[in-house]
Q: 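Just dropping this structure here.
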Amino acid sequence: MLASTYAVKGGVGSELQNRRVLSSFGGFRKRSSGVKNLFMTERSSCCGSRLGSVVLGVELARARTRVETMFRSSAKARSVKAQASDGDLEDAASTKFQGKSSGSVLPYVGVACLGAILFGYHLGVVNGALEYLSVDLGIAENAVIQGKCSWVVSTTLAGATVGSFTGGTMADKFGRTRTFQLDAIPLAVGAFLCATAQSVQTMIIGRLIAGIGIGIASAIVPLYISEISPTEIRGALGSVNQLSICVGILAALVAGLPLAGNPLWWRTMFGIAVAPPVLMALGMAFSPESPRWLFQQGKISQAETAIKTLFGKERVAEVMNDLRASGQGSTEQEAGWFDLFSSRYRKVVSVGAALFLFQQLAGINAVVFYSTSVFRSAGIASDVAASALVGASNVFGTAIASSLMDKQGRKSLLITSFAGMAASMLLLSLSVTWKVLAPYSGTLAVLGTVLYVLCFSLGAGPVPALLLAEIFASRIRAKAVALSLGVHWVSNFVIGLYFLSVVNKFGISTVYLGFSMVCILAILYIAGNVVETKGRSLEEIERALSPAA
């Protein structure tokens with residue numbers, strides 16, 4: 001999340017860090033001192049790109065075409081398989097109807113993805129606005145409160161950590177759609193406070209509140225999408241969550257373009273983020289609740305109505321039979337937090353947490369954070385060009401992942417992704433240390449960075465959030481997803497806090513080599529502990545991984 005993972009980097013503050021720990025890269029050119037050198041940068045592994053709106057439109061069009069193609073091909077394949085295997089014509093007819101009705105899920109996925117877009121936008125909006133808001137709020141002229149500007153950036157992490165845990169409890173108590181509506185409150189209020197702030201304290205409070213909304217969105221968006229998506233295209237639709245986060249960051253970067261001509265434009269940038277939460281709340285008022293959550297609450301008739309809205313009346317009996325066969329639902333009480341660590345669920349919950357921990361320890365934040373310095377060592381002095389290369393690699397990889405998710409499977413994509421990341425990190429390390437490669441060090445560093453981001457976006461980025469919502473039993477799903485995302489946010493914060501100190505002590509080459517070793521460990525762990533969920537319904541996965549006590 002990637003996902004849901006992030007490290008938005010920009011021009012503000014990057015020079016200070018480069019001067020301290022990356023002098024070996026060379027190519028550093030001193031810029032104007034001013035306010036740009038005062039602050040730490042916010043980091044995001046999702047995107048960090050400054051691609052044009054034309055590229056964004058093309059990518060979205062391609063993604064939509066792929067999803068529609070998968071709707072048709074998946075339905076056709078299942079229809080043939082059903083007739084050939086057991087001659088059940090009624091089953092084949094049901095699958096045929098599914099192909100016709102599954103397209104009705106898209107509008108509700110789109111509404112949910114507003115939360116992911118806001119996730120990315122709130123992370124990315126400070127990237128371009130920080131320099132200008134610091135001048136407007138008087139931070140640059142007051143040395144005493146200059147340190148508070150880093151809180152404008154980092155407070156969002158604290159809020160997101162709280163929100164990720166809160167989101168799971170809310171989703172279980174109030175339902176998925178109602179949680180979306182409640183999440184609109186901190187997202188909109190936080191944006192409004194930031195847009196109208198007259199002091200740095202108000203700005204920090206606004207960022208904290210928006211961070212809570214981000215944390216809730218990071219938990220509820222993949223959860224809802226997985227529970228309303230047809231089995232055949234659940235992977236493709238689940239990867240849209242990661243793509244939407246990237247779109248949100250890109251939108252924030254594009255929104256910052258008028259800043260050069262209008263320094264007060266930063267208020268408008270934050271103000272823009274007030275409208276989408278309202279649209280999300282309104283859209284969820286017309287969106288069906290998760291049938292699985294309704295069934296778990298014993299609301300059988302409402303669950304049937306939701307299934308009819310999502311998949312068509314032809315599939316009501318089929319889906320209800322799956323829910324009953326899962327052995328969960330209203331027959332068991334809603335799980336508490338301590339149930340996540342019981343012998344029944346301990347292993348599968350640990351897998352979810354480990355995936356996000358490996359995602360962070362694999363070094364995505366470091367690669368994106370230092371990409372500008374790496375590109376400068378190769379003679380690419382433009383921050384825009386550097387961001388464009390990294391962002392294009394991420395968007396391209398995510399688009400490919402969405403088309404492969406339901407063909408190659410989640411586990412194989414994860415293994416391939418971490419293998420490519422390990423090789424890329426090794427290349428980055430060697431490009432810095434091997435003298436024989438010195439004439440090609442800049443080119444190899446750029447190649448390693450682009451390949452790393454591309455490999456990350458193929459699996460390590462989009463798969464964990466999708467897989468979490470698939471492997472957890474329905475009665476623990478919301479809380480277990482929230483716990484895993486909490487591990488993500490906390491590890492992200494800790495790594496960000498101590499990363500520079502580690503680089504100063506051991507050197508960037510050694511750190512890159514360590515990241516490569518982490519990727520290899522991730523491959524071994526995934527091979528031995530992660531199950532393949534491709535082509536299996538959530539109920540089938542639940543029966544396999546979390547049998548009834």
Side-chain angles (χ1 to χ4, degrees), residues 1-5 160-173 176 179 215-216 218-227 234 238 241 290 292-293 296 326-329 332-362 410-411 414 418 459-460 462-494 521-522 524-533 536-549:
M1 147 177 49
L2 93 101
S4 43
T5 60
T161 303
V162 174
S164 64
F165 285 106
T166 305
T169 302
M170 292 172 62
D172 277 339
K173 183 175 180 61
R176 295 12 174 177
T179 300
I216 296 174
S218 70
I220 193 65
V221 174
L223 177 66
Y224 180 73
I225 291 177
S226 71
E227 291 188 341
R234 192 174 61 239
N241 173 55
S290 162
R292 291 171 177 85
W293 181 82
Q296 183 185 353
S326 67
Q328 306 297 323
E332 292 189 85
Q333 292 182 348
E334 180 182 299
W337 285 103
F338 288 107
D339 291 329
L340 301 183
F341 306 100
S342 65
S343 58
R344 178 180 176 186
Y345 298 119
R346 187 187 304 121
K347 182 176 180 179
V348 70
V349 171
S350 66
V351 169
L355 286 177
F356 273 114
L357 191 60
F358 278 122
Q359 183 192 67
Q360 291 300 299
L361 293 177
R410 286 60 149 162
K411 184 175 182 178
L414 275 175
F418 276 106
V463 171
L466 168 64
L467 201 60
L468 293 190
E470 293 180 323
I471 64 176
F472 294 140
S474 56
R475 68 187 296 260
I476 68 164
R477 187 170 293 138
K479 288 185 175 67
V481 168
L483 176 65
S484 300
L485 287 168
V487 171
H488 159 258
W489 289 113
V490 171
S491 60
N492 193 314
F493 178 77
V494 172
L521 290 176
L524 297 176
Y525 181 85
I526 292 167
N529 295 277
V530 175
V531 299
E532 183 54 69
T533 59
R536 304 171 72 181
S537 70
L538 296 182
E539 287 70 39
E540 291 172 335
I541 299 169
E542 179 173 338
R543 290 194 295 271
L545 296 180
S546 304

Q: Indicate the atoms forming the closest heavy-atom contact of Val349 with Ala480, along with that distance.
A: CG2-CB, 4.3 Å
Q: Side chain of Lys479, backbone of Thr169: donor and acceptor closer than 3.5 Å?
A: no
Q: Among Leu467, Val351, Val348, Leu340, find the one that has a side-chain contact (heavy atoms from CB on, under 4.5 Å) with Phe472.
A: Val348
Q: Going from OG on Ser484 to CG on Leu355, what distance comes out if it is rounded to the nearest 0.5 angstrom?
A: 8.0 Å
Q: Please check: side-chain N/O of Arg410 versus main-chain N/O of Glu532, any donor-acceptor pairing under 3.5 Å?
A: no
Q: Please report the shortest heavy-atom distance between Ser491 and Leu357, naming the atom on each side.
A: CB-CD1, 3.9 Å
Q: Start with the C-alpha distance between Asp339 and Arg344, add both sets of side-chain angles, then the distance that settles side-chain contact (heavy atoms from CB on, under 4.5 Å), and finish with yes or no.
A: CA-CA 8 Å; Asp339 291 329; Arg344 178 180 176 186; over 6 Å; no
Q: Which label fits Phe358 and Tyr525: parallel for a plane angle under 30°, tilted from 30 to 60°, or perpendicular past 60°?
A: tilted
Q: Where do Gly215 and Trp489 come nearest, in terms of heavy atoms and distance?
A: CA-NE1, 4.4 Å
Q: Check Pro464 against Gly459 and note the closest heavy-atom contact, atom names and distance.
A: CD-O, 3.5 Å
Q: Which heavy-atom pair separates Asp172 from Trp293 by the least distance, and what is that distance?
A: O-NE1, 3.0 Å
Q: Kindly write out the residues that satisfy side chain to side chain donor-acceptor pair (under 3.5 Å) with Ser290, not counting sequence neighbours, or none if the list is empty.
A: Glu227
Q: Closest approach of Ser164 and Ala482, non-hydrogen atoms and distance?
A: O-CB, 2.9 Å
Q: Residues in side-chain contact (heavy atoms from CB on, under 4.5 Å) with Phe165, at least two apart?
A: Thr161, Trp337, Leu483
Q: Please name all residues satisfying side-chain contact (heavy atoms from CB on, under 4.5 Å) with Ala171, sequence neighbours left out, ordered by chain then number.
A: Arg176, Thr179, Ile220, Leu223, Ala478
